[in-house]
There are 2 protein chains.
Amino acid sequence: MSNSRVNVRWVAEQAGVSPATVSRVSRGSAQVSPELRERVMRVIEEHGYRPNHFGRALAEKRHGSLGLVFPGLSGPYFSELIQGFESEALETGDQVLLLSSHYRSDTDAKVLDLAGRVDGMAIHAGTVSEAMIERVSQTIRVVVMAHKAGPAHASVSTDSGTVGTLTRHLLVEHGYRRLAFVGTPEGSPDVTARWEAFLAAHAETGARPPAGPTLVGLAQADGAIAAQKLLDSEEEPPDAVVCANDETALGLILGALGRGMRVPEDIAVTGFDDMPMAALVQPGLTTVRQPVRELATVTARLLHAPLTQRDGDTLLTTDVVLRGSCGCPDRPSGETGRDATAGGDS
Amino acid sequence: MSNSRVNVRWVAEQAGVSPATVSRVSRGSAQVSPELRERVMRVIEEHGYRPNHFGRALAEKRHGSLGLVFPGLSGPYFSELIQGFESEALETGDQVLLLSSHYRSDTDAKVLDLAGRVDGMAIHAGTVSEAMIERVSQTIRVVVMAHKAGPAHASVSTDSGTVGTLTRHLLVEHGYRRLAFVGTPEGSPDVTARWEAFLAAHAETGARPPAGPTLVGLAQADGAIAAQKLLDSEEEPPDAVVCANDETALGLILGALGRGMRVPEDIAVTGFDDMPMAALVQPGLTTVRQPVRELATVTARLLHAPLTQRDGDTLLTTDVVLRGSCGCPDRPSGETGRDATAGGDS
DNA sequence: TAGGTTCCTGAAACCGGTTTCTTGAGACCG
DNA sequence: CGGTCTCAAGAAACCGGTTTCAGGAACCTA
């Protein structure tokens, strides 16, 4: 803690005024005569007095901070998320408390601790039990990201339905027939929604229903594993693969190239995220761009607002980005493609 | 805040005991008769009482939290750093408060705010002015990362001297003659140290002194810019390039490949970090592995300790990792090369 | 049985600001 | 000149726990 000597009463004594006056001067909350204000200011500056955070927070009944709960910092998605959240919170003068679940089981308990130290909490899907989200929502403001809202908390997500648009693009424009999906729907609500959009597009276009998803995680290494499962098996390999995110897509591409296959000639690959690397690889990665930073800032803004007056679900739009990996012509980097065949998905 | 009704006095009243007894039961700090303990526990559980953080912190004069100040979340380096720090702090029961400088000028003020809310602060080089570090050090425990210790604060860094070993490897084993350095020494103490090690290796081996560094930032895009500067100029291009980190090295490789050059035949490239991508690209990136996670955990551990008893500077060892991009044979991924020619650098 | 320990418990002070309540002084008005 | 109104500023209560201190009861020993 430190300079425990320098507190309101001490400053008051030095300046020959009451603690109340010091408080009024330091926070500028009420009129103080120029003379006393001057006296108090001099003592404050001379001794570098700063009001103790606890005392102030205790009296104001407000923390001035927001919590952010997320699974882990793998890949650019969460980096961008944290960056955006922190940036927005800084803007409004809030501090950010971080809690990474690391997929551990004692996260719920940590969340309860955290809840006692923040005014609001952003919770990313797949980190905290529904029951705990519900419970915490009754104490402080809660916004979940990439998940559904509940009775007492709001939500912000990006539209996974665009995977349907992308899937139709592969089926209709390019005429691929054996599509595979890489990702574990049970793993997160995001992947669930993408898998469902993938299925729906097959149904809508009358395409042959695809096989079950290739169950792997979301890291680049998981893409390599998926390549092994899909390309080294006895069965006929797919001619196009829709991956749950860009990282697995890149891992898959590396795996395919390593086996002497060409992308997209022998196998087309798509991702989700539009992370920076997607535009830099050869061929460029066809993917869905989601506004991660906006996801974070919108969440932070909701949390800062004094009360959540039925904010419900916020859905941010996403866009198909066509590059070389699906069979489209690869544009020079810097350009970005936008899908023409809109509609269909909410 | 919430259940303001449920506080020590209220619980005490319900259980028919004094607030002191409730405190003793809730924190288990002293002996309480089984009967009273039982009565109090029942009320606590029934109404979900949790001691208010402010009240407790105020009385204990301790925050139970650590601050982490870093420039921004670009690339895997800072992801790993935050992850490691958060993970270690969680272990010891501390909360983590994040402050990203975004290279803004008002960071010093934010740091002062933060200092009032944490027991200790980890500051990454290049974010906070020396004067402010000094000032904050007098209030709370401070550890700087990738920088030098000061009179009142400790430091933890990774050894940049290994760049010297790597440079000698390029000069002596491979016989390259026109080496270039990509990175801005003034930009950060890390890059400064790497540049100096690069120079020192030239001097030691009697090689022709290199030209000045190619001044760019640390992102992948900066590597592309460096490629432009180095390869599109009138002068003879270098035959080997030592980059300040892996990201610029990858950007440079992409730039070289895009110009029809071969790596390492036409130009050798090395990085620093050994980020995951380094082992996955073709050819594999020769680089220096630095233990980023350890950097973070050691820092967190130092901060948790009650007092910094002259911890001074901690230097973590780094290793050269030889892969294909410098001209060495590319090993199958999974294997890692360790440099044989040790010594020389502290 | 007196005296000394040991163990439990509650009263009260304390951590450091903020805010309400109250008082006193000075200004304004009839 | 008396009364009211306004405004500055201090006293005290309050936010919610923790801890010291002191007292009382039970237990032990001589």
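Every chain is numbered from 1 and lettered A, B, ... according to where its sequence line falls, protein lines coming before strand lines.
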Sequence neighbours left out, cut at 3.5 Å: what donor-acceptor pairs do the side chains of residues 29-37 of chain A make with other protein atoms?
residue, atom, partner, partner atom, Å
A:S33, OG, A:L36, N, 3.4
A:E35, OE2, A:R39, NH1, 3.2
A:R37, NH1, A:V32, O, 3.2

| query | Distance check: side-chain N/O of B:R27 vs OP1/OP2 of D:dT18, anything under 4.0 Å? | reply | yes

| message | Please enumerate all residues that pass side chain to side chain donor-acceptor pair (under 3.5 Å) together with A:S18, with sequence neighbours excluded. | response | A:T21

| query | Who are the side-chain contact (heavy atoms from CB on, under 4.5 Å) partners of B:A15, not counting sequence neighbours? | reply | B:V17, B:V40, B:V43

| message | Distance check needed: C:dG10 C1' versus B:R39 CZ, whole Å only. | response | 13 Å

| Does the base of C:dG16 carry an N or O that pairs as donor and acceptor with the side chain of A:R9 under 3.5 Å? | yes

| remark: Here the distance between atom C1' of C:dG26 and atom CD of A:E35, to the nearest Å, is 16 Å

| query | Are B:N52 and D:dG16 close enough that a side-chain N or O sits under 4.0 Å from OP1 or OP2? | reply | no

| query | Which ring-ring contact (aromatic ring centres under 6.0 Å, His included) pairs, counting each pair once, include a residue from residues 105-147 of chain B, with sequence neighbours left out? | reply | B:Y77-B:H124, B:F78-B:H124

| request: Report the distance from atom CG of A:N7 to atom P of C:dG16, rounded to the nearest whole Å. | output: 5 Å

| message | Salt bridge check, A:D113 against B:R50: does any charged N sit closer than 4.0 Å to a carboxylate O? | response | yes

| task | With rounding to the nearest 0.5 Å, note down the distance linking OG1 in B:T297 to CD in B:Q83. | result | 12.0 Å

| query | Which pairs count as side-chain hydrogen bond (donor to acceptor under 3.5 Å, both in side chains) when at least one residue sits in residues 93-102 of chain B, sequence neighbours excluded? | reply | A:E86-B:H102, B:T92-B:D94, B:D94-B:H304, B:S100-B:H102

| message | From C-beta outward on B:A59, which listed nucleotide comes closest to its side chain: C:dG17, C:dA12, D:dG16? | response | D:dG16

| said: Please report the distance, rounded to the nearest Å, between CZ in B:R56 and P in D:dC15. | reply: 19 Å

| request: For the helix from C:dT1-D:dA30 to C:dG30-D:dC1, measure the angle between the helix axis at one end and the axis at the other, each built from five pairs, rounding to 10°. | output: 50°

| request: Nearest whole angstrom, please: distance from the C1' of D:dC15 to the CZ of B:R5. | output: 17 Å

| Atom-to-atom span, CG of B:L58 to P of C:dG17 - whole angstrom | 9 Å

| Gap between atoms CD and C1', on B:E13 and C:dG10 respectively (whole Å) | 15 Å

| task | Indicate the atoms forming the closest heavy-atom contact of A:A125 with A:A146, along with that distance. | result | CB-O, 3.2 Å

| message | Measuring to OP1 and OP2 of D:dG16, would you say a side-chain N or O of A:K61 lies under 4.0 angstrom away? | response | yes

Show the distances under 3.5 angstrom between N or O atoms of the protein and N or O atoms of nucleotides 23-28 of chain D.
none

What does the list of N/O pairs under 3.5 Å between the protein and nucleotides 6-9 of chain D look like, with a distance for each?
residue, atom, partner, partner atom, Å
D:dA9, OP1, A:S33, OG, 2.5
D:dA9, OP2, A:S33, N, 2.7

| note | Residues at least two apart in sequence or cross-chain that pass salt bridge (Lys or Arg N to Asp or Glu O under 4.0 Å) with A:E38, listed by chain then number, are A:R42

| message | Using whole Å, what does the distance between atom P of nucleotide D:dC14 and atom CD of A:E60 come to? | response | 19 Å

| Among pairs that include at least one residue of residues 71-81 of chain A, which meet salt bridge (Lys or Arg N to Asp or Glu O under 4.0 Å), considering only residues two or more places apart or in two chains? | A:E80-A:R293

| Quick one: salt bridge (Lys or Arg N to Asp or Glu O under 4.0 Å) partners of B:D313, sequence neighbours excluded? | none

| task | Scan residues 11-31 of chain B for pairs that pass salt bridge (Lys or Arg N to Asp or Glu O under 4.0 Å), counting only residues two or more places apart or in two chains. | result | B:R27-B:E60

